Amino acid sequence: MSIPESNGKRKAGLGRLRRGPRPPGSVVVAFAFVAVILIVGFFGEPLVREAARQDLTEVSQPPSYEHWLGTDRFGRDVLARMIIGTSTALLGPFLIAGSGLVISALLGITAAYLGGWVDQVIMRWVDFMIALPGLLVTIVVVSVIGGSYGVAIIVLSIFNVQGDIRIIRGAALEQKPLPYIESLQSLGFSKSRIMFRHIVPNVSPLLVADFAIDFSLALVALAGLSFLGLGSEPGSAEWGAMLAENQSIIFSNAAATLGPGFAIVLLAVSVHLIGDWLYDRYSAPARLVS
Amino acid sequence: MVPIVLFMTLAVFLLSSLVPGGAVAALLEGRPTSSAQIEFLTAKYGLDRPLHEQYLSWLTGMFRGDLGRSFRTSQLVTDMVGERLGITIWLNVMGLVLAVAIGVPLGVVAALNRGSRLDRFVVGVSIFGSSSPAFFVAIFFLWLFAQNLGWFPLYGAGGPALWSRLWHLTLPGIVMAVAPMGLIMKVTRASMLDEIDQDYVAFSRARGLRERRVILGYGLRNALIPILTAAGLIFVGLLTGTVFVERVFGLPGLGNMLVQAVITSDLPVIQGLTLIIGTWIVVANLIVDIMYAVVDPRITYDKTK
Amino acid sequence: MSTPMSASLLEVRNLNVVHRTPAGDNPILADITISLAKGESIALVGESGSGKSMLSKAIVGLLPPGVLAASGSMRYQGVELSTLNGKQRAAYRGAKMTLLFQDPFTTLNPLLKAGDHIIEGVELAAGRKMGRRQGRNEAIRRLAEVKINDERVVDRYPFQLSGGMRQRVALAAALARDPSLLIADEPSTALDVTTQAEILDLIKETQRSREMGLIFISHDLRVAFSVCDRVYVLYGGSIMETGPTVDLFEAPQHPYTHGLMLSEPTATGRQADLYSIEGSVPRPDEVKDRCSFVDRCRWTQPVCSAAKPALETVGAGVETRCIRIEEIREEMREERRAVKTMSDPRDLAEDVPVIASIRDLKKAFDLGHGQTVEALRGVSLDIRRGESIGLVGESGSGKTTAARCLVGLETPTGGTIELVPRDGIGAIRPTDTAARRFVQIVFQDPYSSLNPRQSVGSALREPLRLLGRSKTEAQKEAAGLLETVGLPVAYAKRRPDALSGGERQRVAIARALSVKPELLVCDEPVSALDVSVQAQVLKLFRNLREEFGVSLLFITHDMAVVRQVADSIHILYEGEVVESGPVDDVLDNPQDSYTKRLIASIPGEGAAAET
C-alpha cells in the first residue's frame, strides 16, 4: 500500500493556532460572551450591590428603564442579582471541570499505558459509576448529608470524573501501540516520561474539549441543584436558585426567571462551542487530495 | 447488575445513618421533644436495632412487596409509588420516543447535506438542546406556550378523563425530549458522517445500488451502534429530567415524590425510590445490551470464529 | 491511438479533472486520453499523487464533492457521459461499469452477509426480488465463479472471512449485474503475496470468460505487466507514456518509466548498484506548466520546463510525453544494461563472531476464553557481526513477533535470545537496559513512527540527551545523523507533517542510529513507501551496513527487496523456519514447497508472468 509522498510544507502545533483560519461567527460571539461574563464575574459585584438591595415598594415589577430585567419578590433588581451570582456561576463549574481534567489525565493515561490490574481496577470503578445517574444521586446524597455549595461541588466532581477518564483512556490507548511510542520504549525512555512528555501532548486537544463540555454540564447541574433548594446558601444570588424563587412571579415579571435561565444556557452553549472549535483546530490532520 | 441495586440501597441506608441525630431527628423535624417521645418513636420504627438488622428487615420486606411507610404521611410506600408511576413512565416514554423519532431523521438529513443551512440549523439546535437545563426549558416552554400562547394548560396533571390527562402531559413530555433530542441529533449526525466516508458505502454506490439502500442499509445501519450507546445514556438521564419537569409543572409523579422525600428526610420513601431507580438502570442497560446484539452480528458470534 | 468505433468500449479524450476551490482550480488530472476496446485489458500505473484512483472515480461518476471533470470527453459505448444527468449516470454504475476497491477489509458491509451482497445486485438487475431459495442458489453459483465452492460462505459475515475470501466476494458482488467494464483499483495490494497471485489470476480469468473490458490500476509495474495487454504510465496527474506491455517492458520510452522499472528491486539477482530516482513525487498543481518529471529527471533541459509537453506517437501504439526521447533513447538503453550487472552477496569470514543468538523461540498469545495463538513455534537463528539477514514471511508467519521479541517489546513464552555486545560483560537479554544501546528497531509505517508534535531535531536529540550528552553535543550529533541518512540539516526544525513518507522513514532510521546500535531490526521498512522512494531507502540500508558495520535483521514479505539487502535468509511460515541459507541458494534453488510457492507468486517472475 503506498502512502502519499506529497511534500506538505505545513506547520503543525501552536504555529497553526496563531495563523490559522478565522473561527466561524458563532465561535467569535461565544468568545465575546464568555469574555463579558468573566469580566462581570471578577469586577461586577461591588458595582451593583446597591441595586440588589430589597425595596419592598417595587415588588415584582416588569422590566423598565430603571430595572432592565425588572424586580423580584423582594423588590431587588434582577439584573443586579444576576451579576452578583456570576462569580458563583463560574467558580463551581471551573472547579469541577478542572478537577476532572487533572484526575482524568492522570488516571486515564496511567490506566491505558500501564494496563494490567491497574487498568482493571480503575475501569471497574469507572464502569460502575458511569451507570449511575449522577445528578439524581447527588440530590439524594446532598439532601441526606446536608446541602451546601461545597458538598455539591465535591459530589459532582466525583461523578464527573468517570466519563473523562474513559475518554482520555481511549485516546491514550490509541496512541499506545503506535510506532513512535514503541520506539521511545525501545530507546529506553521511562514509562512516566513517555506518558507525560509524549502521550499527553497528543491527547491534549481532547483534554481541552472535555474541559469545556464538563464545564457546561457542571454549570447546568449546579444550577439544577440550587433550583431544588439544595447545594447553595438560601438567599444567595445563585442563578439556579433565582429561577426557582422567581417562578412564582412569572405572571408579573417573567424576566426574573427567564433572565438567569438564559444566562445559564448561553454560558453553557458558549463554552461548549469554544471547546468544540478548539478541538477541531488542534487535532485536525492535514488533508491530502490524492 | 443486581449488585448495583443492592449497593445503592445499602448506600442510602448507611448515609441516612449519618444524619445528625439519626432518623428520629428527621422525623421530628426539629420540634422540641421529650425523651419519652424519642424513646417511643425509636421503638416504633425499630431504630434502636443494629444497622444490619434494620437493613435486612427492609430487604425481606421488599421481597414481600412491603417497602415500609412514609415517615411523613404514614402511607404505604408501595401505594404512593403506584399512584405516581403512570405519570413518570409516560413522561419518560414520551421524551424518549420524541427524541428518537425527531432526532435520528434530522441527524441523518443533516449529515447527508453537510454544510447546508439545514445542517447548521440541526447543529445549532443540538448544541442548545443538550446544553439547556431541563428546568429552564420547562419554565421557558411553560411561559411561552402555556402562559403566552395559551396552547397548553398551565399546571397539574389534569382531570380523571384520559384525554384530559394526556393533554396536560403533552407539554411536559415535549420538554423532556429537548435535551435528549439534542444529544441524539449530534450523535446521529456525527456517526452518519463517519459512515458516509467508509469504503463499503462507496463500493455500494459503485455497484449502482439505489441511494435509499445505500443510506439506510449501509449507512444508518452501521451508524446505529453509537446511537444506541447514546440512547442508553438517555434512558438513565431522563430520570434526572423527570425530577425537574414534574417540579416545574407541578405533576404528581415519582420525581416530585423524591424531592419531597428528600427535603423532609423521609427515609423509607427515599429508600424505596432508590430501589426503583436502581432497577430502572439495570433494565435500561439490559435492553441496550440486547439491542447491541440484535444490530451487530459481530457481538453475537464469538470473537474467535 | 483509438480503436474502431464498433469495438470501442471506453474512449477518454483530453480529460482534465480539477479540484474547484474559491481560490481557483487545482489540477488533479491533465490531458488524459485513454481508449479501451471490448475484451481488452489496460493498466494504469502510477505512484501516489498520480491521480490514478481519481481517474477511476471520474469514469464511474463518483468524484468527491468539489472535484469535477472540467473539460474533455468520456465516451462509453459511444455515449458521451457528460451529457447524462445524475440518475442516468447512476444507472451506468454496476450495470455497465463497476469498480473493485483496494482494501478487502473495508469494502464489504460488516452487517451484511456475503451472499446478500451478491443477491442485492442481482435483484437490482432483475428489477424484482427473488425468492429465498432462488436468491441463495444464484449467490452460490456466482461464488463458485470466483472460486469459492463452500456453500456456507453465503451465510457468513465479512468478519468471518479472510482477506482473500472477502476480495473474491467483493468481486462477485461487483459483477452481480454483469457489467461490461471492470475497473480494479489495486485489488491485490492489501493481500498476502500468495493470495495476491490467486486474486490476479482470478481477475484475468473472469475478464476473459466474460469478455469484459478491464482497467487495472496499480503502483507496481510488474503486476501491471503480468495482467494487461497495454499500459498507461501516470505521474503527477498526466500520462507519461503508453504502449503495449511487451514493448514497454523491453524499451520504455520515458525517463520516468525507465527510472521506475529500474528502481523496482528484482528478485532474480543481487544488483551491484541500486538505482534510485532522487527527490519525491510532486503534486499535480506543482508541475502544472512543465513536464511533471522535470525536477527528478537526469536528462532535463530548459525546453522541458517551457511548457507541458504533448503526447507524441513514436511507434505502433506507443506514445510518450518526453520531448527529448529521440535524443536520449540510447543513453537510457545503456543505463538499463549497466544496472543489470549483478554482484555476489557478501560472504562473511568464518570467524566473525555471533552477536545475537535466538534458540527455539516460542511465543503464544492469550486471546481469552482459554484460546491461545502460537505466533512462534520454535525459531532459531544466529546473527553475526556485520551480517544482513532477511526474515521472509507473510502475515501470520510470526516475523513481526520475532522482531519484537528481539527488541524487548514482547517477552517470549519459550526459548532464549542472547545478545552479545562488543565491549560487553557477556550475554544480555533484550529486556535488559544495556540492550537498549545494542539493538534498535525501525517500523513499517513512517507516518506514525514519529511524534507528530515533536520537531525532527528534538526527536533526535532526546535519546542523545538520555545518554548523557550535553545540549550542544546533542545538537551536533543530531545534525550528523541527519547527514548520515541523507537529509538536509535544516530539517531539524521541521515537524513530521512537513516531511514526505520517505523522509520520515529516514528520520526514524536516524533516531534508531542515535544510540549507535550494533544490530538494527527493520520491520517492513519500505513496504509503505512509493516505489521510486523505496530504492533510496534500500540504498541507505546497504550503506549503513558497509560504512558502519551495523548488522541488519531485515523483515519483509517481498522477495525482491530481500534479495537486494540480505546475505542470507530464513523463510518463516506459521511460526517456524521452513528453509534458510544464503540468499542466492534459497531463491534460485528453493527446497521447501512453501518457499517454492512464495517465489512462484512473485509477479512477473513466476508462473503468473504472462505477456
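Letters A, B, ... mirror the listed sequences (proteins, then strands); counts begin at 1. Keep in mind the model is a prediction, meaning the values are calculated, not measured.
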Got a second to check how far [X]'s [atom1] is from [Y]'s [atom2], nearest 0.5 Å?
{"X": "B:Asp296", "Y": "C:Phe159", "atom1": "CG", "atom2": "CZ", "value": "7.5 Å"}
{"X": "C:Glu123", "Y": "B:Arg213", "atom1": "CD", "atom2": "CZ", "value": "9.0 Å"}
{"X": "B:Arg207", "Y": "C:Glu120", "atom1": "CZ", "atom2": "CD", "value": "5.0 Å"}
{"X": "C:Asp103", "Y": "B:Phe203", "atom1": "CG", "atom2": "CZ", "value": "12.0 Å"}
{"X": "B:Leu209", "Y": "C:Leu124", "atom1": "CG", "atom2": "CG", "value": "6.0 Å"}

Closest-packed option against chain B by number of heavy-atom pairs under 4.5 Å, given C:Ala90, C:Pro64, C:Ala170, C:Gly61: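 Top option by heavy-atom pairs under 4.5 Å: C:Ala170.
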
Heavy-atom check, side chain of C:Leu111 versus side chain of B:Pro297, under 4.5 Å: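 Heavy-atom side-chain distance check passes, below 4.5 Å.
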
If you count every heavy atom of other residues, nucleotides or ligands that lies below 6.0 Å from [X] atom [atom1], does the total exceed 12?
{"X": "B:Phe128", "atom1": "CZ", "value": "no"}
{"X": "C:Glu151", "atom1": "CD", "value": "no"}
{"X": "B:Phe121", "atom1": "CZ", "value": "no"}

I'd like to know which of B:Glu211, B:Gln198, B:Arg221 tops the heavy-atom pair count under 4.5 Å against chain C. B:Arg221

[X] versus [Y], closest heavy-atom pair with distance:
{"X": "C:Asn109", "Y": "B:Gly217", "answer": "ND2-O, 3.3 Å"}
{"X": "B:Tyr218", "Y": "C:Leu112", "answer": "OH-CD2, 3.5 Å"}
{"X": "C:Leu99", "Y": "B:Ala206", "answer": "CB-CB, 3.8 Å"}

With a 4.5 angstrom heavy-atom cut-off, is it the side chain or the backbone of C:Ala173 that approaches chain B, or both, or neither? both

Under 4.5 Å from any heavy atom of chain B, what part of C:Ala176 do you find: side chain, backbone, both or neither?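 Nothing of C:Ala176, per the 4.5 Å heavy-atom cut-off to chain B.
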
